Amino acid sequence: MTTAHPVSEIVHIIGAGLAGSEAAWQAAEAGCCVVLHEMRPARMTEAHRTDRFAELVCSNSFRSDDAVNNAVGLLHAEMRRLHSLIMRAADANQVPAGGALAVDREGFSATVTSALNEHPNVEIRRGEIQGLPPTDWSNVIVATGPLTSAPLADAIRRLTDENALAFFDAIAPIVHKDTIDMSVAWFQSRYDKAGPGGTGADYLNCPMTKEQYDAFVEALLAGEKTDFKDWETNTPYFDGCLPIEVMAERGRETLRHGPMKPVGLTNPHDPKTKPHAIVQLRQDNKLGTLYNMVGFQTKLKHGIQQQIFRTIPGLEKAEFARFGGLHRNTFLNSPKLLDPQLRLRAEPRLRFAGQMTGCEGYVESAGIGLIAGLSAAANARGASLAPPPATTALGALLGHITGGHIETIEPGNRSFQPMNINFGLFPPLAVPPTKKTNGSRLRGNQKTVAKKQAISARALADLDCWISDHLRVPAAA
Ligand SMILES: Cc1cc2nc3c(=O)[nH]c(=O)nc-3n(C[C@H](O)[C@H](O)[C@H](O)COP(=O)(O)OP(=O)(O)OC[C@H]3O[C@@H](n4cnc5c(N)ncnc54)[C@H](O)[C@@H]3O)c2cc1C
């Protein structure tokens with residue numbers, strides 16, 4: 001990247017994981033002096049095994065590398081255009097994995113570590129930051145990840161509030177709205193209650209007969225689950241949000257008295273028949289493209305989730321933007337707490353990046369690190385960086401974290417939960433494609449494919465404009 005004018009203000013980055021390493025690289029390349037603080041090896045997390053930067057704690061895959069048809073592949077492409085260190089190291093250490101980008105994990109982390117060690121603008125300090133950073137650190141990026149050490153996490157929680165920092169995620173599956181069969185489902189809030197900010201018809205409802213419900217409960221009980229790691233079992237998720245399969249284990253009727261209760265709702269497609277149980281979905285993003293399955297946090301394996309949830313009437317053809325899950329995690333209620341530049345509204349010298357902001361996955365964490373690094377560098381120069389357009393993968397993810405998600409309208413478990421990049425986060429196309437290049441009409445799945453391809457092409461074109469307008473660096477091919 002072409003280096004901008006040098007700046008004197010130091011950018012302190014806490015955590016040299018996927019996000020912190022990328023943020024440090026971007027800020028250093030932009031001419032800032034960067035101090036990168038990493039607690040390993042003196043203090044390890046429960047999942048990291050080495051002292052290297054950007055250690056991959058589990059899978060060695062960066063998922064699909066298809067920038068035309070897949071949202072994470074598009075994110076790869078955008079990050080390459082912004083000269084991402086994480087993408088450069090991944091490309092240099094690629095191992096065969098079909099259409100996916102998988103890496104030799106040792107080589108990958110070694111490449112990132114040496115690039116930062118050797119960068120003249122980066123100073124590495126090994127040591128745990130055990131509370132809020134000193135007040136004379138005026139430009140800080142906190143990128144300490146899902147396993148942020150306890151003293152720092154406690155300090156952040158005290159600075160925000162009790163409910164603003166979660167230590168466990170409880171992820172309900174999310175469905176692309178345009179794949180829900182509206183000849184079966186219908187919009188209605190229970191007892192038509194409008195509630196704060198609601199209309200009285202805020203939920204999508206899917207009705208079940210007794211036979212369908214019984215078969216569904218059987219499938220939940222039989223379905224294969226993922227295990228908790230030993231160190232996850234003590235985390236206090238049990239208080240608030242039981243997985244649906246655990247509720248099902250407590251008795252055949254438990255779900256019908258919980259998230260699947262059929263009361264206060266009338267099916268307009270068949271008003272005389274009272275459903276035995278009802279699955280509700282609630283709008284998840286302001287664009288209205290994504291709906292989450294209310295109360296359906298689960299530890300069922302992803303393949304089984306798709307199989308079981310597609311037996312729900314109305315969801316037979318559902319496409320999932322996110323599957324359910326429960327993990328030890330550390331993440332902020334970012335839509336409420338962070339400004340569009342990822343700064344804590346209550347203390348803007350602190351910027352957050354990576355999984356702590358509520359994104360999910362290696363690539364997404366690095367992507368948010370990239371934007372945080374560029375924004376911190378702009379601030380260090382006394383300027384500010386406009387966020388990437390919402391039509392780009394980086395902008396769509398950033399937008400979701402800093403405001404695109406819709407807060408739940410009833411009390412209970414916090415509704416903002418970690419999210420991977422997916423096409424449901426992008427604004428719809430002004431004119432969706434209807435014809436092939438030869439003029440014949442697109443049919444069935446061809447329309448979905450063409451739509452994704454048009455969203456991807458729009459994203460890369462808009463990113464190039466943003467780069468030339470705001471970063472003054474030539475875009476990489
Ligand atoms: C067990 C587990 C398995 C996972 N598996 C996958 C997977 O297969 N695929 C996937 O895409 N994602 C996976 N994830 C999610 C993954 O962790 C994130 O996607 C990604 O690593 C997050 O990047 P990050 O930079 O936010 O955090 P990290 O990469 O975890 O980096 C945070 C860094 O901060 C350091 N740190 C923490 N506290 C302090 C402190 N107080 N002072 C100084 N340094 C500190 C840590 O040592 C670490 O180096 C997994 C997460 C966990 C916990």
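Remember, it's 1-based here, ligands and their atoms both numbered in the order they're listed. Because the structure is predicted, anything quoted here is derived from the model rather than measured.
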**Q** At what distance is the nearest protein heavy atom to atom 28 (P) of ligand 1, and which residue and atom is it?
**A**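 Atom 28 (P) of ligand 1 sits closest to the protein heavy atom Gly17 CA, 4.0 Å.
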
**Q** Counting non-hydrogen protein atoms only, what is the nearest one to atom 42 (N) of ligand 1? Give residue, atom name and distance.
**A**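 Answer for atom 42 (N) of ligand 1: Ile129 N, 3.1 Å.
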
**Q** Considering both backbone and side-chain atoms of Ala47, is one of its nitrogen or oxygen atoms within less than 3.5 Å of a nitrogen or oxygen in ligand 1?
**A**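 No, no N or O pair falls under 3.5 Å.
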
**Q** Quick check against the 3.5 Å criterion: does Thr402 have a side-chain atom that pairs as donor or acceptor with the backbone of Pro340?
**A**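 No: the side chain of Thr402 does not pair with the backbone of Pro340.
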
**Q** For atom 27 (O) of ligand 1, what is the nearest protein heavy atom, given as residue, atom name and distance?
**A**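 For this ligand atom, the closest protein heavy atom is Gly145 CA, 3.3 Å.
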
**Q** When the ring planes of Trp25 and His119 are compared, do they come out parallel, tilted or perpendicular, using 30° and 60° as the limits?
**A**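 Trp25 and His119: perpendicular rings.
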
**Q** With heavy-atom distances below 4.5 Å as the criterion, would you say the side chains of Lys225 and Pro243 are in contact?
**A**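 No. Closest side-chain heavy atoms not under 4.5 Å.
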
**Q** Identify the closest protein heavy atom to atom 30 (O) of ligand 1: which residue and atom is it, and at what distance?
**A**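 Heavy-atom neighbour on the protein nearest atom 30 (O) of ligand 1: His48 CE1, 3.4 Å.
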
**Q** Out of Tyr362, Phe331, Phe352, Phe62, who is nearest to atom 11 (O) of ligand 1 when you count heavy atoms only?
**A**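 Minimum heavy-atom distance to atom 11 (O) of ligand 1 goes to Tyr362.
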
**Q** Can you find an N/O atom of Met39 closer than 3.5 Å to an N/O atom of ligand 1?
**A**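 Among all N and O atoms of Met39, at least one is under 3.5 Å from an N or O of ligand 1.
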
**Q** For atom 53 (C) of ligand 1, find the nearest protein heavy atom and state the residue, atom name and distance (0.1 Å precision).
**A**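 Looking only at protein heavy atoms, the one closest to atom 53 (C) of ligand 1 is Leu147 CD1, 3.9 Å.
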
**Q** Under 4.0 Å from a heavy atom of Glu128: which atoms of ligand 1 are those, numbered in the order shown and with their elements?
**A**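 Those atoms are 41 (N), 42 (N).
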
**Q** Can you tell which of Glu38, Glu360, Glu46, His37 gets a heavy atom nearest to atom 48 (C) of ligand 1?
**A**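 Looking at heavy atoms only, Glu38 sits closest to atom 48 (C) of ligand 1.
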
**Q** Does any N/O atom on Met356 come nearer than 3.5 Å to any N/O atom on ligand 1?
**A**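 No, there is no polar N/O contact under 3.5 Å.
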
**Q** Where on Ser59 is there a heavy atom closer than 4.0 Å to ligand 1, on the side chain, on the backbone, on both, or on neither?
**A**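 Both backbone and side chain.
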
**Q** Should you measure from each heavy atom of Thr45, which atoms of ligand 1 turn up under 4.0 Å away?
**A**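 The list of qualifying atoms is 47 (O).
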
**Q** Locate the shortest heavy-atom distance separating Thr330 from Gly145; write the atom from each residue and the value.
**A**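 Minimum heavy-atom contact is CB-O, 3.8 Å.
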
**Q** Working note: Arg40 + Glu55, criterion salt bridge (Lys or Arg N to Asp or Glu O under 4.0 Å); need CA distance, chi angles, decisive distance, verdict.
**A** CA-CA 11 Å; Arg40 290 176 290 124; Glu55 181 180 332; 3.2 Å; yes

**Q** Should you measure from each heavy atom of Gly354, which atoms of ligand 1 turn up under 4.0 Å away?
**A**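 Here the atoms of ligand 1 in question are 26 (O).
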
**Q** Which atoms from ligand 1 have a heavy atom of Leu152 less than 4.0 Å away?
**A**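 With Leu152 as reference, the close atoms of ligand 1 come out as 41 (N).
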
**Q** Using salt bridge (Lys or Arg N to Asp or Glu O under 4.0 Å), reason through Lys451 and Asp178 one step at a time and then give a plain yes or no.
**A** CA-CA 12 Å; Lys451 208 166 88 180; Asp178 59 2; 3.0 Å; yes

**Q** Select one of side chain, backbone, both or neither to describe which atoms of Ala143 lie under 4.0 Å from any atom of ligand 1, heavy atoms only.
**A**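 Backbone only.
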
**Q** May I ask you to decide if the ring planes of Phe62 and Phe108 are parallel, tilted or perpendicular, using 30° and 60° as cut-offs?
**A**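 It falls in the perpendicular class, over 60°.
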
**Q** Is the backbone N or O of Gly354 less than 3.5 Å from a side-chain atom of Thr357, with the two atoms forming a donor-acceptor pair by type?
**A**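 Checking the backbone N and O of Gly354 against the side chain of Thr357, a donor-acceptor pair under 3.5 Å is found.
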
**Q** Only heavy atoms count here, so choose which of Gln355, Arg40, Glu55 is nearest to atom 15 (C) of ligand 1.
**A**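 When every heavy atom of Gln355, Arg40, Glu55 is considered, Gln355 comes closest to atom 15 (C) of ligand 1.
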
**Q** Can you tell me which portion of Val363 lies within the under-4.0 Å heavy-atom range of ligand 1? Options are side chain, backbone, both, or neither.
**A**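 It is neither part, as no heavy atom is under 4.0 Å.
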
**Q** Report the nearest protein non-hydrogen atom to atom 19 (O) of ligand 1: residue, atom name, distance rounded to 0.1 Å.
**A**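 Here the closest protein heavy atom is Gly361 C, 2.8 Å.
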
**Q** Could you check if a side-chain atom of Val72 sits within less than 4.5 angstrom of a side-chain atom of Asn420, using non-hydrogen atoms only?
**A**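 With C-beta onward as the side chain, the pair stays apart.
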
**Q** So is there a nitrogen or oxygen of Ala353 less than 3.5 Å from a nitrogen or oxygen in ligand 1?
**A**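 No, Ala353 has no N/O under 3.5 Å of an N/O on ligand 1.
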
**Q** Going by the atom numbers of ligand 1, which of them fall below 4.0 Å from some non-hydrogen atom of Leu18?
**A**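 This gives 21 (O), 23 (O), 25 (O), 29 (O) as the contact atoms.
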
**Q** Please identify which atoms of ligand 1 are closer than 4.0 Å to at least one heavy atom of Ala19.
**A**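 By the 4.0 Å cutoff, the relevant atoms are 25 (O).
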
**Q** Taking Asp91 first and then Arg80, would you say they form a salt bridge - that is, a charged N and a carboxylate O separated by under 4.0 Å?
**A**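 Salt bridge flag = yes for Arg80 with Asp91.
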
**Q** For atom CZ of Arg250, is the number of surrounding heavy atoms from other residues, nucleotides or ligands below 6.0 Å larger than 12?
**A**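 Counting other residues, nucleotides and ligands, CZ of Arg250 stays at 12 neighbours or fewer.
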
**Q** Could you tell me how the ring of Phe426 sits relative to the ring of Phe423: parallel (under 30°), tilted (30 to 60°) or perpendicular (over 60°)?
**A**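 Rings of Phe426 and Phe423: tilted, 30 to 60°.
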
**Q** Can you see whether Asn379 engages Arg351 through a side-chain donor-acceptor pair at a distance of less than 3.5 angstrom?
**A**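 Per modelled atom types, Asn379 and Arg351 side chains form a pair under 3.5 Å.
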
**Q** Identify, for atom 20 (C) of ligand 1, the protein heavy atom at the shortest distance, and state residue, atom and that distance.
**A**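 It is Ser365 OG, 3.8 Å.
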
**Q** Got an N/O contact under 3.5 Å between Pro146 and ligand 1?
**A**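 No, since none of the N or O atoms of Pro146 sits under 3.5 Å from an N or O of ligand 1.
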
**Q** So if I count the atoms of ligand 1 from 1 in the order they appear, which ones are less than 4.0 Å from some heavy atom of Val57?
**A**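 In order of numbering, the contacting atoms are 2 (C), 3 (C), 4 (C), 50 (C), 51 (C), 52 (C).
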
**Q** Please write down residue, atom name and distance for the protein heavy atom closest to atom 5 (N) of ligand 1.
**A**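 Looking only at protein heavy atoms, the one closest to atom 5 (N) of ligand 1 is Cys58 CB, 3.1 Å.
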
**Q** Determine whether a donor-acceptor pair (N or O, by modelled atom type, separation under 3.5 Å) exists between the side chain of Gln305 and the backbone of Gly324.
**A**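 Answer holds: yes.
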
**Q** Using heavy-atom distances, let me know which of Ile86, Ile14, Asn329, Thr144 sits nearest atom 37 (C) of ligand 1.
**A**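 It is Thr144 that holds the nearest heavy atom.
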
**Q** Does any N or O in the side chain of Glu364 come within less than 3.5 Å of the main-chain N or O of Ile421, such that one atom is a donor and the other an acceptor?
**A**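 Judged by distance alone, yes, a pair lies under 3.5 Å.
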
**Q** What part of Gln130, side chain from CB on, backbone N/CA/C/O, both or neither, has a heavy atom under 4.0 Å from ligand 1?
**A**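 For Gln130, there is no contact with ligand 1 at all, from either part.
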
**Q** Among His327, Gln297, Arg328, which residue satisfies the side-chain hydrogen bond (donor to acceptor under 3.5 Å, both in side chains) criterion with Asp169?
**A**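 It is His327, the one option of His327, Gln297, Arg328 that forms the side-chain hydrogen bond (donor to acceptor under 3.5 Å, both in side chains) with Asp169.
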
